[in-house]
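Just follow the structure's listing: the first ligand is 1, and inside any ligand the first atom is 1. When a residue number appears, it is its place in the shown sequence, counting from 1.
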Amino acid sequence: MRVRFCPSPTGNPHVGMVRTALFNWAFARHTGGTFVFRIEDTDSARDTEDSYEALLGALGWLGLSWDEGPEVGGPFAPYRQSQRLEQYADVAARLRESGHAYDCYCSTEELEQRRERAIAEKRAPGYDGHCRALTAEQVEAYRAEGRAPVLRLRMPDRDFTWDDLVRGPITFAADQVPDYVLVRANGEPLYTLVNPVDDAAMRITHVLRGEDLLSSTPRQLALYEALAAIGVSDGTTPSFGHLPYVMGEGNKKLSKRDPESSLQWYRDEGYLPEALLNYLALLGWSMGEDREFFGKEEMATAFTLERVSPNPARFDLKKCTAINGDWIRALAIDDLTARIVPFLARAGAVSEPPTPEQARVLAAAVPLVQERMETLAQSVGMLAFLLVDDDVLERDAADTAAVLTPESRPVIEASITALDGLGDWSAAAIEDALRGALIEGLGLKPKIAFGPVRVAVTGRRVSPPLFESLEILGRPSTLRRLRDSLV
Ligand code: GLU
Ligand code: ZN
């Protein structure tokens, strides 16, 4: 089996794209086939080198390795379509010569006028075949006006049917699929031409792609027939399977403009690539037995198209985040720490790599927060107070206003006294001392007692376990922060 992932390098990689890549990758791995990564960069006005780099970076970050494509090469190189333009021009010329395609000189205005008329007269609004049989004189006249033609495929006048790998039998009636453009007037080939040409050249056997491309399938089937007729393909046609839509908020299709559709957003927030792939696998596929936590290799082992659903999948960020929390809890402490460090470094809380003292704090503190984190970025709020100098500790304004009130002064003062004279600086001894001073001594309820201490020392009302935190922080810093909070 040979499958391809063929994004165009425009904008930022998004999750819909990653889902398509993942399903193709899993299908290739499951069947022992080949995962081809091909770059559809034939639109010079929209494609960018940055976006190309981002695509490679995305698959690299996710660990979806490709067998043929950029950087690794392969028997059908090059895999950047911008480097294959001569081949498309050659195929286009042969399609024109053989009559499978023809030049269309209609201007945008003319097309638009006829479209409106067709709609008004309740006829199909697509291209009406106006230029299918122009006489030599008509062509001459258009040329004399300086018009440059587009190239259109002459769609056979019959229905197109295929057995979709996901959706079952699908038919497009003849009048639903007008003659469509293969090459722009400026000579740039469109994806409707270049993808079938390369799918044939690269011996692609299965095309798995988003449902938004469903209506281009009858066009491509017709083009495949034409390619076979002119000897460009060997006559075999890939099987097509269309992956269900991914719906976002309000049951609308997840849009590239939604911030959480951008892959970079997940990287910035500290989603693990393992977790993101795990979640995206569930968007249209299921492992069975209600299993919802699995790695990509397990997915590949279990992946069959029978378990891909044709029904729209709902993107649920909460669930994605919960799965990320599961993955974080499953990591070994060293691994988790290594993944957290860049986030802390970006926030200025550690150097990269951490100093020995910072490493000591992390080794003690990361186990305290592993259970509580759902994203790596949350580690900054939970851990930074243990790593920054006392004089730059930033206390949350709302938490400070709520908890460090004039009434809390005696609590802080009693805590200072209790901790100052403590012999053994361990979490258990700290707990005993504070309970003795605040709960027994002042007669406070635990919540009222420890809230001010927590905000004074950690800066927030929500923190890792308090007594362990104070142990890690050490006595001098703890006392300094308690005293600072009184002024
Ligand atoms: N570049 C297209 C897309 O990602 C792929 C088209 C195709 O699968 O043929 O939407
Ligand atoms: Zn025309």
Subject >> Derivation and outcome, ring pair (Phe, Tyr, Trp, His ring centres under 6.0 Å), residues F27 and F35 >> reply: CA-CA 8 Å; F27 183 73; F35 179 51; over 10 Å; no
**OP:** Could you grab the angle centred on the Zn ion (ligand 2), going from SG in C131 to SG in C106, to 10°?
**Re:** 100°
Subject >> Taking atom 1 (N) of ligand 1 as the reference point, the nearest protein heavy atom with its distance >> reply: E40 OE1, 2.5 Å
Original post:
For atom 8 (O) of ligand 1, which protein heavy atom lies nearest, and how many Å away is it?
Top reply: R4 NH1, 3.0 Å
Original post:
With the threshold set at 4.0 Å, does a side-chain nitrogen-carboxylate oxygen contact exist between D128 and R117?
Top reply: no
Original post:
Which angle, to 10 degrees, forms at the Zn ion (ligand 2) with OH of Y127 on one side and SG of C104 on the other?
Top reply: 100°
Subject >> Within-cut-off N or O pair, R209 and ligand 1, under 3.5 Å >> reply: yes
Subject >> Nearest neighbour in protein (non-hydrogen) for atom 6 (C) of ligand 1 >> reply: N195 ND2, 3.4 Å
Original post:
Looking at R46 and E188, does any basic side-chain N land under 4.0 Å from a carboxylate oxygen?
Top reply: no
**OP:** Show your reasoning for whether side chain to side chain donor-acceptor pair (under 3.5 Å) applies to T301 and E298.
**Re:** CA-CA 5 Å; T301 303; E298 278 178 285; over 6 Å; no
**OP:** Taking both backbone and side-chain atoms into account, decide whether Y105 has an N/O/S atom under 2.8 Å from the Zn ion (ligand 2).
**Re:** no
Original post:
Nearest to atom 3 (C) of ligand 1, what protein heavy atom do you find, and at what distance?
Top reply: L213 CD1, 4.1 Å
Subject >> E352/R346 ion pair, N-O < 4.0 Å >> reply: no
**OP:** Please determine if R147 and D103 form a salt bridge, counting it only when a charged side-chain N lies under 4.0 Å from a carboxylate O.
**Re:** no
Original post:
Using 4.0 Å as the upper bound for N to carboxylate O, is an ion pair formed by D335 and R339?
Top reply: yes
**OP:** Would you please determine whether M17 falls within less than 4.0 Å of ligand 1 on a heavy-atom basis?
**Re:** no
**OP:** Ignoring angles and geometry beyond distance, decide whether V207 reaches within less than 3.5 Å of ligand 1 through its nitrogen or oxygen atoms.
**Re:** no
